[in-house]
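For reference, the structure is listed below as structure tokens.
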Amino acid sequence: MTVVNCRAGRARWKAGMAAGLLVAGAAMAGCSSDTGATTGQAAQANPAEAGKEYRPSGPLKADTGFRPDKDGFGFQNYGNEDGITNLTSNEMRRLFGDKVCADAAVGKCDLTPEAQMWMEQQNIGMNGGHCYGFSVASQLWWKKTLNPADLGGLPTVEVARDSASAQKEIAYTFVHQFMPSVLQGRVTGTPNDIVDRLLKELRPDNPETWTIGIFKRDGSGGHAVTPYAVEDKGDGTAQILIYDNNFPKTAQRIEVDRKANTWKYTTAANPNDPAETYDGDASTNTLWMNPSNPGLQPQPFPPVPPSGIGGTGASPDGQQAGGEAIEIFLNGNPRDHGHLLITDDAGRRTGYVDGKLVNEIPGAQVLTRLAATWDENLEPNYFLPKGIRFKITLDGSALKSEDEESIAIIGSTFDMAVEGIRLKPGEKDTITPDEKTGDLTYTPGEAQSPTLVLGATYPNSFYSFTLENTAVGGNGTIRAQLPPEGGPFTVDAGRAKAKSSYTVDVQREDDHGVRNFLRRGVAMEAGSTAIFDYNSWDSGGQTISLTRTRQGATSTENLASE
């Protein structure tokens with residue numbers, strides 16, 4: 001599986017740019033887990049069992065009529081290999097409406113900075129797989145809820161893997177798992193509860209279709225599959241017949257012991273991988289069902305999960321993030337990446353402590369993301385209530401080898417990111433955002449030269465600043481500020497312990513369209529401060545006034561775009 005370079009191809013606000021998450025105990029990414037036979041892990045199984053065509057012999061007590069060899073995709077679940085197109089501004093507009101468009105008033109949809117960052121992070125995260133999108137899209141085409149003409153009128157199973165239309169629909173429906181309306185319709189419970197609900201729902205005349213989420217006992221890993229029938233095997237055993245997008249054109253099954261109220265599923269990421277058996281009981285909450293149709297409704301942006309989505313999504317005092325929130329992403333190698341620990345001003349923590357996920361911050365929610373293979377285990381996404389102060393620790397203690405990682409922080413009117421961090425085993429970096437002042441402070445444990453991105457929504461315009469090669473020494477600090485009320489963009493390298501030659505990329509979006517500024521080789525000495533004044537842009541200008549200050553000496557020059 002190719003790991004996407006988070007710094008590659010940045011082109012903010014370009015409508016055609018192609019750039020999972022699973023509510024802990026709740027939503028999905030692609031299909032991940034770790035191997036092993038310990039408690040809470042998947043047990044090694046007979047490799048011949050995984051992916052083998054299952055042929056039911058008992059009566060079907062519920063049946064939609066969907067069949068994997070006709071109605072599923074004929075190709076396997078994929079990550080972000082070459083040639084894959086994910087979300088573009090068109091899909092974002094379908095999801096969220098004109099509110100994510102900076103220039104909808106003139107009939108266009110160049111994305112706002114926050115929407116662009118959200119799309120990029122979701123697209124990068126799809127490197128872990130698209131299983132949820134495979135499940136939802138195949139069923140919506142089968143029901144003709146999505147237009148079959150978009151597939152060239154072909155049956156779903158005959159659609160080519162390189163169909164850009166199919167790829168974009170799979171990406172579009174993949175992120176439905178994170179939409180509030182879908183999460184509100186989630187069905188949870190014991191294995192018997194899930195079977196009972198499927199017996200009611202899986203019928204040909206039901207306009208609704210469903211996706212099942214499967215997890216390990218500790219809530220990590222995960223996969224999305226398509227239930228289409230329930231077989232009665234007798235002696236209290238039910239088989240949930242499924243389309244597993246890792247094994248196209250074949251029938252698979254989840255076995256439920258109705259007497260013991262347990263379930264198990266033997267599978268693998270593909271026929272070349274070791275088989276593993278995943279299981280659960282009445283107490284594990286490792287099975288759930290999501291409806292498809294609510295994802296087609298217009299969604300709020302940012303899409304904050306509703307309260308009551310359980311598992312580790314619940315904060316310790318029972319409160320939930322509601323309304324506006326701040327979402328935090330970490331993207332890196334799907335198999336070997338750092339972990340985040342978020343700490344508020346009172347010392348309460350959400351994230352990983354000694355390898356275990358905790359959630360102590362009132363109102364915080366943790367959303368686990370799916371991956372493409374069972375041995376992948378992506379970092380969850382985190383939601384924090386708007387207005388709290390916090391810091392983020394990026395912890396490489398569990399890393400086996402150096403990994404390139406990015407952290408993004410997205411609110412309703414701002415976004416911030418530190419991209420291209422070359423995190424080393426044992427390294428700990430600190431990121432401190434401040435939504436009130438628009439500050440982003442980064443202190444790495446080892447020397448780094450990341451890219452900083454700050455975006456802001458103003459009453460009549462949208463701005464994004466991208467600063468590449470922001471060199472900072474080990475335990476040095478770099479601070480950037482894009483004030484939410486407007487004003488100069490500031491870079492403070494007073495404690496950076498390194499000099500830089502920046503590339504500065506500025507984009508402004510308003511009713512007149514997009515204006516771009518790019519300047520390479522902007523020198524910054526260690527211990528200096530730079531103020532980029534772009535106020536002239538309000539009157540149509542496009543130069544930037546740069547004022548540098550170092551050891552009390554100040555110089556000013558006008559910079560023109562290359």
Side-chain angles (χ1 to χ4, degrees), residues 19-32 86-87 91-97 99-100 111 114-137 140 168-188 210-213 215 219 222-224 288-313 320-331 364-371 378-384 408-412 415:
L21 98 162
L22 171 115
V23 175
M28 311 217 71
C31 334
S32 77
N86 288 320
L87 297 174
E91 288 71 50
M92 291 290 289
R93 196 173 195 176
R94 286 171 63 192
L95 283 165
F96 303 112
K99 57 181 154 301
V100 296
L111 296 176
E114 299 76 37
Q116 180 74 31
M117 179 71 78
W118 190 90
M119 181 184 76
E120 290 175 8
Q121 294 303 312
Q122 290 291 359
N123 283 346
I124 293 168
M126 290 182 212
N127 186 51
H130 295 71
C131 62
Y132 192 91
F134 272 73
S135 177
V136 176
L140 293 179
K168 287 187 285 187
E169 291 297 332
I170 289 171
Y172 164 70
T173 52
F174 173 86
V175 296
H176 283 190
Q177 64 181 297
F178 316 128
M179 299 301 113
S181 61
V182 174
L183 296 175
Q184 286 172 343
R186 169 163 294 161
V187 176
T188 60
W210 295 83
T211 291
I212 285 182
F215 301 93
H223 187 35
W288 52 245
M289 297 164 51
N290 270 4
S292 301
N293 291 338
L296 300 172
Q297 304 169 8
Q299 305 293 329
F301 184 85
V304 179
S307 63
I309 300 299
T312 55
Q320 294 284 333
E324 292 189 56
I326 298 170
E327 185 173 6
I328 301 170
F329 293 84
L330 170 67
N331 278 307
Q365 296 195 76
V366 182
L367 301 152
T368 308
R369 300 156 63 192
L370 301 179
L378 304 180
E379 183 77 3
N381 284 13
Y382 303 92
F383 285 81
L384 300 179
I409 303 139
I410 303 174
S412 58
D415 65 278

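Since the model is a prediction, treat every value here as computed from it, not as a measurement.
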Q) Just how far is it from atom OG1 of T211 to atom CZ of R186, taken to the nearest 0.5 Å? A) 10.5 Å
Q | Between CH2 on residue W210 and CD1 on residue I212, distance to nearest 0.5 Å | A | 10.5 Å
Q | Side-chain (S181) to main-chain (P294) donor-acceptor, under 3.5 angstrom | A | yes
(Q) Parallel, tilted or perpendicular: which one describes the rings of F215 and W288, with boundaries at 30° and 60°? (A) tilted
Q. Does a side chain donor of either N290 or Y132 reach within less than 3.5 Å of an acceptor in the other side chain?
A. yes
**Q.** Separation between CZ of R93 and NZ of K99, rounded to the nearest 0.5 Å
**A.** 11.5 Å
**Q.** Partners meeting salt bridge (Lys or Arg N to Asp or Glu O under 4.0 Å) with E169 (sequence neighbours left out)
**A.** R94
Q) Quick one: CE on M179 to CG on L95, what's the gap to the nearest 0.5 Å? A) 5.5 Å
Q. Counting N and O atoms only, with roles assigned by atom type, does the side chain of Q299 sit under 3.5 Å from a partner on the main chain of Q297, one being a donor and the other an acceptor?
A. yes
Q. For the residue pair W118 and F301, does the interplanar ring angle fall in the parallel (under 30°), tilted (30 to 60°) or perpendicular (over 60°) class?
A. perpendicular
Q: Test L140 against L296 for side-chain contact (heavy atoms from CB on, under 4.5 Å), laying out the working first.
A: CA-CA 10 Å; L140 293 179; L296 300 172; 4.0 Å; yes
Q. Which pair of heavy atoms, one from A224 and one from C131, lies closest together, and at what distance?
A. N-SG, 3.4 Å
**Q.** Inter-residue atom distance M119.CE - I410.CD1, 0.5 Å rounding
**A.** 11.0 Å
Q | Nearest heavy atoms of V175 and M126, plus distance in Å | A | CG1-CE, 3.8 Å
Q: I would like to know whether I409 and D415 meet side-chain contact (heavy atoms from CB on, under 4.5 Å); could you show each step before the answer?
A: CA-CA 6 Å; I409 303 139; D415 65 278; over 6 Å; no
Q) What is the distance from atom OH of Y172 to atom CE of M92, rounded to the nearest 0.5 Å? A) 12.0 Å
Q | Closest contact, heavy atoms only, G125 versus L378 | A | O-CD1, 3.9 Å
